[in-house]
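The block underneath contains the structure these notes are about, expressed in structure tokens.
Here, residue 1 is the first one in the sequence, and each next residue gets the next number. Ligands are counted one by one from 1 in listed order, and the atoms in each one are counted from 1 as well.
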Amino acid sequence: MGSTNKLILYTNHRCPWAHRVHIALNELNIPYDEEIIDLDTPRTEAYLKINPRGLVPTINHDGEIITESGIVAQYLADAHPSSHLLPASNAEGGALRRARVAFFVDAFFSKFHSHLGKFVFAKSDEDASAGVEAAVAGLLKEVEPLLKDAGPFFGGSEKLTLAEVSPDRVLRHPRRLEREARHLPGLRGRGLRREGAQLLEVGSGGRAASQRDVYL
Ligand SMILES: N[C@@H](CCC(=O)N[C@@H](CS)C(=O)NCC(=O)O)C(=O)O
């Protein structure tokens with residue numbers, strides 16, 4: 001991806017999925033034009049032609065449309081095989097490291113993030129507590145052990161990696177939800193505040209979360 005290639009990012013700064021792509025682009029020093037998509041109104045015909053799902057983020061790279069934040073971040077990293085985000089599969093130790101990063105992202109979403117929804121949309125305090133407990137248990141059992149050598153970043157990397165880019169959005173999610181909890185009946189703000197603070201402290205992902213503000 002040379003500097004003459006044109007990249008347009010369709011985004012909305014409120015969207016935590018889009019933040020993954022902002023972070024990847026900025027980490028890789030890729031110049032891009034930004035187009036803000038209004039998520040409060042129905043998507044325009046023009047945008048639906050670009051992304052029929054109507055979601056952000058989307059990138060247009062030299063006329064090629066790529067959607068889904070995880071896939072876009074992976075694509076950007078793969079297009080820069082010598083960057084700090086992810087080694088190429090044919091680099092020494094590259095295949096194994098890619099597997100480790102992929103496993104971390106899988107564990108993060110399947111063992112932790114999947115429980116957050118149960119918490120956020122719980123109809124009773126019991127359900128909310130069960131969601132929090134499951135999320136924290138998943139975090140402690142499945143995610144934290146993978147961050148043992150995350151100093152400062154995943155796998156002992158000195159710089160941010162794709163492992164941090166991918167879960168960044170959910171690590172900040174609890175903080176955002178804490179604000180929203182005041183307005184949304186049914187959200188359990190108190191537990192959210194406590195657990196959110198705890199989650200934001202977690203390992204290298206927490207570091208990534210704190211870096212994100214410089215990107216938007
Ligand atoms: N799985 C998608 C999720 C993207 C997503 O849900 N984006 C939200 C904003 S955070 C969106 O575009 N919502 C618009 C809508 O649902 O109409 C990804 O990772 O890119």
To which protein heavy atom is atom 6 (O) of ligand 1 closest, and what is the distance rounded to 0.1 Å? Trp17 CD1, 3.7 Å

Distance-minimising heavy-atom pair for Arg97 and Phe154: NH2-O, 3.2 Å

Checking a contact table here: which protein heavy atom is nearest atom 20 (O) of ligand 1, and how many Å away? Ser69 N, 2.9 Å

So which heavy atom on Leu146 is nearest to which on Ala107, and how close? CD1-CB, 3.9 Å

Using the test side-chain contact (heavy atoms from CB on, under 4.5 Å), find all partners of Leu25 that sit at least two apart in sequence or belong to another chain. Leu7, Leu9, Val21, Ile30, Tyr32, Leu76

Report, in ascending order of atom number, the atoms of ligand 1 lying under 4.0 Å from any heavy atom of Pro57. 20 (O)

Give the residue, atom name and distance (to 0.1 Å) of the protein heavy atom nearest atom 7 (N) of ligand 1. Val56 O, 2.9 Å

Would you check the N or O atoms of Glu68, main chain and side chain alike, for any that come under 3.5 Å of an N or O of ligand 1? yes

When you check the gap from the basic side-chain N to the acidic O, do Asp78 and Arg98 get nearer than 4.0 Å? yes

Any idea which heavy atoms bring Leu55 and Glu68 closest together, and the distance? CD1-OE2, 4.4 Å

Quick note on ligand 1: atoms under 4.0 Å from a heavy atom of Leu39 include exactly 9 (C), 12 (O), 14 (C)

Quick one, His22 with Thr11, criterion side-chain hydrogen bond (donor to acceptor under 3.5 Å, both in side chains). Give me CA distance, side-chain angles, the key distance, then yes/no. CA-CA 9 Å; His22 281 272; Thr11 185; 2.9 Å; yes

Taking only heavy atoms of Cys15, which atoms of ligand 1 are found under 4.0 Å from at least one of them? 7 (N), 9 (C), 10 (S)

In terms of the angle between their ring planes, are Phe108 and Phe104 parallel, tilted or perpendicular, with boundaries placed at 30° and 60°? tilted

Side chain, backbone, both or neither: which part of Arg43 has a heavy atom under 4.0 Å from ligand 1? side chain

Which of the atoms in ligand 1, numbered in the order shown and given with their element, are less than 4.0 Å from a heavy-atom of Leu55? 11 (C), 12 (O), 13 (N), 14 (C), 15 (C), 16 (O)

